[in-house]
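Counting starts at 1 for both ligands and their atoms, following the listed order. Position 1 is the first residue of the sequence, and the numbers go up from there.
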Amino acid sequence: MTTQTPEAPRVPGTDFVRDIVEADLKSGKHKKIVTRFPPEPNGYLHIGHAKSICLNFGIAREFGGRCHLRFDDTNPTKEEQEYIDAIEADIRWLGFDWGEHLYFASDYFEQLYEWAVSLIKAGKAYVDDLTADEIRERRGTFTEPGRESPWRDRPVEENLDLFARMRAGEFPDGARVLRAKMDMASPNINLRDPVLYRIVHAEHPRTGDAWCVYPTYDFAHGQSDAIEGITHSICTLEFEAHRPLYDWLIDNLPVPSRPRQYEFARFNLTHTVLSKRFLLRLVNEGHVRGWDDPRMPTISALRRRGFPAEGIRDLATMVGVAKADNVVEVEMLEHAVRAVLNRTAPRRFAVLDPLRVVIEDYPEGQVEEVEVPNNPEDPSAGSRKVPFSRELWIERGDFMEEPPRKFFRLAPGREVRLRAAYFVTCREVVKDADGRIVELRCTYDPATRGGDAPDGRRPKATLHWVSAAHAVPAEVRLYDYLFRSPYPGSDGGDVFDDLNPDSETVLRGCFVEPSLAELPVGETVQFERLGYFCPDPDSEPGALVFNRTLTLRDTWAKLQAQGRQDTA
Ligand code: ATP
Ligand code: MG
């Protein structure tokens, strides 16, 4: 795998995490930076994870360090191999590589267990027989201290014996837990004797039935960081209040290194939910067709929809790394994606709502190959040949029988340019018995071949077209936001009440130029004048399916311009 990101030199001071890293290298605190991306394999990665991936792998790349991929697989009831495979594929697709540094928290289960035993021996952990509900009840609140468990002062020997029997499988799920002996009166609830181990009799995707006690996130995470020699353990803000616990465990265990945790603000996006719990519900309740349904905010869905990885990386750079929670407008993501596609996507012809055009004076049976540039913004993209003939499809919306003043496209008696082909003039409108327009009869000017008139006259409109005899039929899927509200669920109602019933529109009977039959999945093109589109994996020879990646309208640029006007 080669990565496509250029090794851009970083401007110092770009964000606070990079500032810390830079200072630690300068002061000699660390010779080499080691970061990690620690997904739990309980779902597919979403665009919020992409932000964290770009940060962790990006820092490692920029500062000559390395970034580990570590699966935080401590919760066997929710984790699956399918997710592990998808996560690896998504990170690679985003353009990052962990080399040989692939790890699993489950690789450390034996070591973590030993360290738990050492905490017990030091009198700093105990086996609690309270149920989860009882523990919660006694935890207290922000204003009230918690209450100590009656099992808190068990002798060390009894704790060791019980913990060994927990591991041996003597007790059912939830019967006992191992807790750190910290401070039930701490103002930080996370320090009120947090649970370190729980009993779960479940098959683990990697360790099978070897274990029936599993470490909690808090007990596994920092210790895994220490085992791997992570220097900067970067996570999201909700873990800020866990940092004293992170440090306490590192201080009280014989770990081989001393990682530090740093927190940054979660990435949020308007019209989107970014919680795996909700995403799983969307899939399980059938609101979408799967994790990679193009309306989902998962990385695999964005890929399927035709978003280039570069656009997602650019967005991560644009939004930066903040210390305060914020919500990014989805239009900004679209803007970043359009900027890449405008540069890279080849232009093609497709007609989504076809209306037949017959050029009466064009010889029957004649076919010309007209030369069409692949990207007017990039001459190096070359050109292609597109067949032109007497019968064509144009967009129904490009014709009006009684055009209003500002409609410059085709109308009775009016001349327009067919892109890269000829000027044509509409002579007659053919309707069916119901009065619906079914065909336009036109004439053409042979002197305008290639799309320019020798006498310099210029029609006000240029239309795209496909030759009816050569066009390839296709289904085209248009997408809108999955949630209508920019902040789904913010009014206190059920998030799912806000689902957009029109988030997908399927168009059948569209026609695309012949070259598009060969376009591989994974490539995005611009259908001229319509937007960016890509073949969907549902495509089959003879039954093409395209996704609309985005329309051409950059609403973010517009929002920005409006913002400037408003403040001017
Ligand atoms: P979710 O809330 O979607 O379930 P999670 O935090 O439970 O996400 P993990 O698999 O534990 O999912 O996340 C792996 C890493 O990605 C963590 O370091 C986490 O902080 C980071 N991450 C998750 N969501 C976001 C987000 N919205 N913005 C930035 N980083 C995120
Ligand atoms: Mg998590």
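Within the listing of ligand 1, atoms 3 (O) sit less than 4.0 angstrom from a heavy atom of L274. Close approach to S275 involves these atoms of ligand 1, each under 4.0 Å from a residue heavy atom: 3 (O). Short contacts between ligand 1 and S52, defined as distances under 4.0 Å to a heavy atom of the residue, involve ligand atoms 16 (O), 21 (C), 30 (N).
Taking any N or O of T236, backbone or side chain, at least one lies under 3.5 Å from an N or O belonging to ligand 1. Considering backbone and side-chain atoms together, F267 places an N or O closer than 3.5 Å to an N or O of ligand 1. In terms of N/O distances under 3.5 Å, ligand 1 is approached by K276. For a threshold of 3.5 Å applied to N or O pairs, the pair formed by H49 and ligand 1 contains at least one separation below that value.
For R36 (side chain) and I234 (main-chain N/O), a donor-acceptor pair under 3.5 Å exists by modelled atom type. In this structure a side-chain-to-backbone donor-acceptor pair under 3.5 Å is missing from Y103 to Y108.
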Candidate pair K323 and E263, rule salt bridge (charged side-chain N to carboxylate O under 4.0 Å, His left out), full reasoning: CA-CA 7 Å; K323 197 69 192 169; E263 307 88 15; 3.5 Å; yes
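Of the residues R303, R305, R304, the one that meets the salt bridge (Lys or Arg N to Asp or Glu O under 4.0 Å) test with D536 is R304.
Between the side chains of N500 and H271, no donor N or O sits under 3.5 Å from an acceptor N or O. Side-chain atoms of H221 and D72 form no donor-acceptor pair, as typed in the model, at a separation below 3.5 Å.
For atom 26 (C) of ligand 1, the choice among P297, G48, A265 with the nearest heavy atom turns out to be G48. Nearest residue to atom 6 (O) of ligand 1 from K51, R266, E40 is R266 (criterion: closest heavy atom).
By the neighbour-count criterion of 12 heavy atoms within 6.0 Å, atom CZ of R553 is sparsely surrounded, having that number or fewer from other residues, nucleotides or ligands.
Of all the heavy atoms of H46, the ones lying under 4.0 Å from any atom of ligand 1 belong exclusively to the side chain.
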